[in-house]
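Heads up: the structure comes next, in structure tokens.
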Amino acid sequence: MDLETATDAVAAVAVPLFAASSMVAVGLGHTVRQFLAPLRDLRLVTAGLVANFVGAPLVALAVVTLFDVPEGVRVGLMVLACAAGAPFVLKLSRLARTDMAVSSSLLAVMLLATIAYMPLVLPLLLPGVEVGAARIAVVLLLTMLLPLLAAVALRQLAPRAATALQAPAGRLSLVAMVVVLGNQLLADHRELAGLVGTGAIAAIVLSIVLNFSLGWLVGGRRGGRGPVLGISTSQRNMGAATVVVVANFGGTTAVPTVVLAGFLALVVLVPVARWLGGRGTGAATALPSA
């Protein structure tokens, strides 16, 4: 078995497993009531939607224009710009000592919005590029929405079982993410090396910084929501982005771009979250209970 065959086989399992296990880990921690609760805070929901689904795509459009990046990089960054609601946001929020109840509630809304938003808007953001809206919808339905709904149902019907399974599901998601990153770095090492000098790295880092700043600005100072929105907007949903680029743009530099962006987001945001936590930007609170 050659390297390409081996990495393709690993990706075929690890990519959907990463997306699905991430959704399960989130769903096991939320009842139906907790998913609906954020809708009562219209200011929070509006700020989150504006930052993630208006601001982030505009930032991506500006950055890819500024750096004149290759087509595959442009596609990868636009896919990421449409993918909000990353489960890793909760880990960053804990490090930053922000309000975990707000972070968790916002995550739930962004997840559901992403599943509806990507198939509709991504084709509009990539004119001239063949984008299968129906295929994107099917991929997100199978790897994200159904696992999320199943996990929420289990939480609703059997909360003790859901609580017992939540931590293992979170660990599985983390392991799957590491495997996806490592596997794609191995599979696409030549393509990644080819991105050096194209402006891709600068474009990704600038996108992360601008999205964080935009989220903080939109969130404002009230209730420590600036850091919450900053983290939510800058940490894009790599699980959703990966399954979409692998299914729709496999064999292009869009795939290594998403992988590289996921790695650089960790490099940038984990130290920032630790710094925020050290400054005491917000009191850490427990996730809402059932």
Side-chain angles (χ1 to χ4, degrees), residues 1-28 70-73 75-80 82-83 85-88 91 111 114-115 118-119 122 129-151 165 167-196 200 204 235-267:
M1 182 183 293
D2 59 21
L3 178 61
E4 182 178 358
T5 303
T7 53
D8 284 348
V10 172
V13 176
V15 170
L17 179 62
F18 170 44
S21 60
S22 297
M23 297 305 99
V24 168
V26 172
L28 290 174
E71 180 69 7
V73 176
V75 171
L77 287 176
M78 295 314 302
V79 172
L80 279 166
C82 293
F88 196 69
K91 293 181 174 62
L111 275 173
T114 292
I115 294 170
M118 287 188 78
L122 189 56
V129 177
E130 185 177 349
V131 181
R135 190 174 186 182
I136 292 174
V138 170
V139 167
L140 294 178
L141 174 68
L142 295 177
T143 61
M144 300 190 73
L145 183 58
L146 291 181
L148 179 65
L149 292 178
L165 292 172
R171 287 192 290 269
L172 177 60
S173 172
L174 183 60
V175 170
M177 181 182 74
V178 172
V179 171
V180 168
L181 284 172
N183 184 67
Q184 293 303 138
L185 288 172
L186 182 62
D188 299 322
H189 60 280
R190 291 186 179 87
E191 290 82 357
L192 285 166
L195 294 179
V196 176
I204 292 169
Q235 176 61 61
R236 309 311 292 167
N237 191 330
M238 185 187 161
T242 301
V243 294
V244 168
V245 294
V246 168
N248 290 267
F249 307 106
T252 73
T253 52
V255 178
T257 296
V258 169
V259 172
L260 180 60
F263 174 74
L264 290 175
L266 294 177
V267 171

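Bear in mind that the values here come from a model prediction, so they are computed numbers and not experimental data.
The line from CG of L28 to CG of L148 is 9.5 Å long, rounded to the nearest 0.5 Å. Distance OG1/T257 to CE/M78: 13.0 Å, rounded to 0.5 Å. How far CG of L149 is from CE of M23: 11.5 Å, rounded to the nearest 0.5 Å. Taking OG1 of T114 as the reference point, atom CG of N237 lies at 6.0 Å (rounded to 0.5 Å).
The two atoms that bring A240 and A83 nearest to each other are CB-CB, 4.1 Å, heavy atoms only. The two residues Q235 and A86 come nearest to each other via the heavy atoms O-CB, 3.6 Å. When all heavy atoms of G262 and L181 are compared, the pair lying nearest together is C-CD2, 4.5 Å. The shortest non-hydrogen separation linking T242 to V258 is OG1-CG1, 3.7 Å. Across all non-hydrogen atoms, the minimal contact from L111 to G85 is CD2-O, 3.0 Å. Taking both residues in full, the closest heavy atoms of A261 and I204 are given as CA-CG2, 3.7 Å, listed atom of the first, atom of the second, then distance.
Inter-residue side-chain proximity for I115 and L141 is flagged as unmet; no heavy-atom pair is nearer than 4.5 Å. Looking at V79 and M118, their side chains come closer than 4.5 Å, going by heavy atoms from C-beta outward. Contact annotation: the side chain of V15 never approaches that of N183 to less than 4.5 Å [non-hydrogen atoms, C-beta and beyond]. Counting heavy atoms from C-beta on, the side chains of L266 and F88 come closer than 4.5 Å. Residues L172 and L17 meet the side-chain proximity criterion, which asks for heavy atoms closer than 4.5 Å. Using a 4.5 Å cut-off on side-chain heavy atoms (C-beta onward), T252 and V75 make no contact. Two residues are said to be in side-chain contact when any heavy atoms from C-beta on lie closer than 4.5 Å; L122 and V244 meet this criterion.
Side-chain N or O atoms of S22 include one that pairs as donor or acceptor with a backbone N or O of F18 at under 3.5 Å.
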